[in-house]
Structure formats: structure tokens, C-alpha cells
Amino acid sequence: MLEIRNLTKTYRAQTAVNDLSFTVPDGQVTGFLGPNGAGKSTTMRMAVGLERPTSGEATFDGVPFRKLDNPGRVVGSLLDATWFHPGRSAYQHLAILADLMRLPETRIEECLEAVGLSGVATKRVGGFSLGMKQRLGVACALMGNPKHVLLDEPVNGLDPEGVHWMRERIRALAADGCAVLVSSHLLSEMELTADRLIVVGKGALIAEGTVEEFLSRGKAGTVEVEVLAEDVFRAVGLLEAEGLRVSVVSGGAGSDASSSAAKKALLRVDGAVADDIARLALNNRLLITGLSAKKVSLEDAFLDTTAGSVVYQAN
Ligand SMILES: Nc1ncnc2c1ncn2[C@@H]1O[C@H](COP(=O)(O)OP(=O)(O)OP(=O)(O)O)[C@@H](O)[C@H]1O
């Protein structure tokens, strides 16, 4: 388990990470989310000893990174896939790591095979695409069969097949018992990959919990309500009286009353909970012929939760 305890990082006047604490449990994928500049990369860099915390610490099964005997066998990280030496081949990069970690040469082939780079193993990395570098970065991270894996924006530059591959790879690591921390701006991807989420804003923790908890803590979503066309005005009046925003999607005034579909009207209600609407209708003897809550997406919940923590925003 990775434990982040009261981590703080200050650069001159700027606090990049502010008293941040959270855990990354074994056997699960923990998604690390936050707006640009929220402190995700800085946190990951501090965890693996690339940056010294101003205060606080990160430990892997109780041990700080700098005190690990053979760190590559305990922690694998992909923090920046652009650090590779352009003149060296993929094989040479992995060979250096194998040597450092005292791993057999066979592990190099295994890792190249696992990330689909066997065919270009001897090619200079300078000619690799960003996606190929990401794959090599994953190979480096997984070389030592680590129990903890930290991936900063791992799907950056990957094509759809690569994104799918990365998702499967990340899920497989968690299934093998690893503690996996993954940051990504692709929220739909995180929704498919992560079990738990850590959301940060301006360096501090905003939310920590399962994906389901995060989705349900967001504001109420959009509910579609179908009523008889003759009841439209009454329905809209009742809903608006509750402070809800209502729009008539179809079947309102001016629609063709002769078609059977036109005998019904569809309303879109924002910021609502379906059960509350059903209860309101029942109490007012309004017939509802259809009621469906639109699933709140991770993107909706993220934007909602981090609204007050966005630093860089276009006008
Ligand atoms: N070496 C540094 N010197 C000064 N400020 C820094 C340094 N590294 C990061 N920062 C600042 O710390 C804050 C957090 O940056 P960080 O890269 O950790 O955010 P992030 O959440 O990873 O952002 P993004 O999603 O854009 O990658 C930013 O305001 C950044 O400008």
C-alpha cells in the first residue's frame, strides 16, 4: 500500500501540494484526478524521491522510497515518457535498468514482448512516436515486477488500440495485487479503469472514495419526464415551483396533436432526482407515463466537484 501522509511542497511563494493525505490500496486501481496545476505530478514525483517534500512523507508498505533496498523491485513509475535518450535503443534502456535491478537479461525480452515493442527493440528511441515511448515507459516501470505502480497520464499519445491495451494492462496489475495510482485527464477512461478516485484541487484533497461514491456525491442529474400532452403546463408549473429547471423536449404547445406520440410530452428536468419527481407527481395527482434519470458521468461529477479549484481557465 502506498500512503501519502501530510505531503506539502512549496516552490517559493507557490504551494503546489498542500498537506495532502491519501492511500493507494493493494489490488485496486486508484485514479488521481484534478484540474491542470492541481499538484498530481508533483505528488507522484515526491512519492518516488524525484522531488523532496517541504513536509510530510510517502511510504510504500511503510518504507519511504529513498530507504528502499532495490526500489525498482518495489515501485514502478511512468512519470514522463520523454526522458529517454534519443540515441539509445529500447533494448539498451531496459538493459540499463535490468543491470541496476540485478535482473536476468531474459526479463528485457519479456518486457519488450509485453508492451508490443519486440519488433523495434534495437531501433533508436529518437525515432519513436509518443505512443511508442509510453509503451517503453510502461516496460521500464514494470521491469522489476513491482508491487506499487505509479502512472502519470499513461494514455497520453496512445491510439485507441493503445488506450484499450493500457486499460487492460492497468486492470491486470491490480488483479495481480498491485497498488496502482494513475493520473489521467481522460475521465471516461478513468471511469472504465479506476476502482477508487482521489480528486485534488490547488494541491489539496477534494474527494477520496470509490468511483460510485464520487458519482453519487455529485449534484442531482438530469431526469426525463414523460407526461400526457394535456398536462404539460401543469407539470412544468409544479416542477418550476420546486425550483427545478424544466425544458419541453417534445409534445409541447404547437405539436401535431393527431399523432399518437404527440399525445405525450417529454420534459427535461435539470438538477433533479427521479424519486423526488415521482413523489411530487403522486402528491399532485399528475400522471407520469415515463421517468428516466440520465446517468451522471464522471466528467459531470468532476466538473461539479472541482469547480472552485480550477486555476487555469480559458475565457
Ligand atoms: N519545479 C517547479 N517550480 C515551480 N513551480 C512548480 C514546479 N513544479 C510544479 N510547479 C507548480 O506546481 C503546481 C502543480 O503542478 P503539477 O505539475 O504538480 O500539477 P498537475 O496536477 O500535475 O497538472 P497537470 O494536470 O497540468 O499536469 C503548478 O502550479 C506548477 O506550476
Side-chain angles (χ1 to χ4, degrees), residues 2-24 29-58 64-66 75-84 130-131 133-134 137-138 141 148-158 162-163 166-167 170 179-194 196-209 211 214 297-315:
L2 162 61
E3 258 190 291
I4 303 287
R5 264 199 306 269
N6 306 109
L7 263 192
T8 296
K9 180 72 188 178
T10 310
Y11 299 103
R12 295 173 190 246
Q14 163 111 34
T15 301
V17 177
N18 189 1
D19 196 24
L20 185 60
S21 299
F22 63 86
T23 55
V24 181
V29 177
T30 300
F32 198 15
L33 309 180
N36 287 136
K40 304 178 295 292
S41 303
T42 308
T43 302
M44 285 178 154
R45 285 204 307 274
M46 284 194 281
V48 299
L50 291 174
E51 199 96 55
R52 197 175 277 282
T54 306
S55 58
E57 66 170 358
F65 187 86
R66 287 173 196 270
V75 187
S77 60
L78 166 62
L79 300 189
D80 175 12
T82 58
W83 64 268
F84 299 110
L130 178 56
K133 286 182 189 160
Q134 292 285 40
V138 173
H148 306 82
V149 181
L150 281 70
L151 307 168
D152 196 2
E153 298 286 345
V155 295
N156 228 358
L158 291 181
V163 171
M166 186 67 84
R167 188 192 311 150
I170 291 171
V180 190
L181 181 66
V182 189
S183 79
S184 178
H185 286 114
L186 293 183
L187 298 176
S188 52
E189 195 46 43
M190 277 286 103
E191 202 166 352
L192 293 173
T193 314
R196 304 175 65 252
L197 295 175
I198 305 293
V199 185
V200 288
K202 295 182 180 165
L205 185 74
I206 295 182
E208 173 175 15
V211 174
F214 185 68
S297 72
L298 185 55
E299 187 162 310
D300 296 333
F302 175 82
L303 292 172
D304 202 31
T305 309
T306 60
S309 306
V310 176
V311 181
Y312 306 106
Q313 194 160 39
N315 291 311

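Counting starts at 1 for both ligands and their atoms, following the listed order. The structure presented is a predicted model; accordingly, all values stated were derived computationally and were not measured.
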Peer 1: Does an N or O from Glu153, backbone or side chain, lie closer than 3.5 Å to an N or O of ligand 1?
Peer 2: no
Peer 1: Identify the residue among Asn6, Thr42, Val200, Thr8 that makes a side chain to side chain contact (heavy atoms under 4.5 Å, CB included) with Leu20.
Peer 2: Val200
Peer 1: Could you work out, for atom 13 (C) of ligand 1, the closest of Gly203, Gly37, Ser41 by heavy-atom distance?
Peer 2: Gly37
Peer 1: Output yes when the distance from some N or O of ligand 1 to some N or O of Gln14 is under 3.5 Å, and no in every other case.
Peer 2: yes
Peer 1: Check each atom of ligand 1 against the heavy atoms of Arg45 and keep those under 4.0 Å away; list them by number with element.
Peer 2: 8 (N)
Peer 1: Give the atom numbers and elements of ligand 1 that come within less than 4.0 Å of a heavy atom of Thr42.
Peer 2: 9 (C), 14 (C), 15 (O), 16 (P), 18 (O)
Peer 1: Going by salt bridge (Lys or Arg N to Asp or Glu O under 4.0 Å), name the pairs with one or both residues in residues 37-48, residues two or more places apart or in two chains.
Peer 2: Arg45-Glu51
Peer 1: Applying a 4.0 Å heavy-atom criterion (strictly less than), which segment of Lys9 is in contact with ligand 1: side chain, backbone, both, or neither?
Peer 2: neither
Peer 1: Examine Ala16 against ligand 1 and note whether any of their N/O atoms are separated by less than 3.5 Å.
Peer 2: no
Peer 1: Ignoring angles and geometry beyond distance, decide whether Lys40 reaches within less than 3.5 Å of ligand 1 through its nitrogen or oxygen atoms.
Peer 2: yes
Peer 1: Judged by atom type as modelled, is there a donor-acceptor pair below 3.5 Å linking the side chain of Ser183 to the main-chain atoms of Glu153?
Peer 2: yes
Peer 1: Test of understanding: given a 4.0 Å heavy-atom threshold, classify the contact between His185 and ligand 1 as side chain, backbone, both, or neither.
Peer 2: side chain
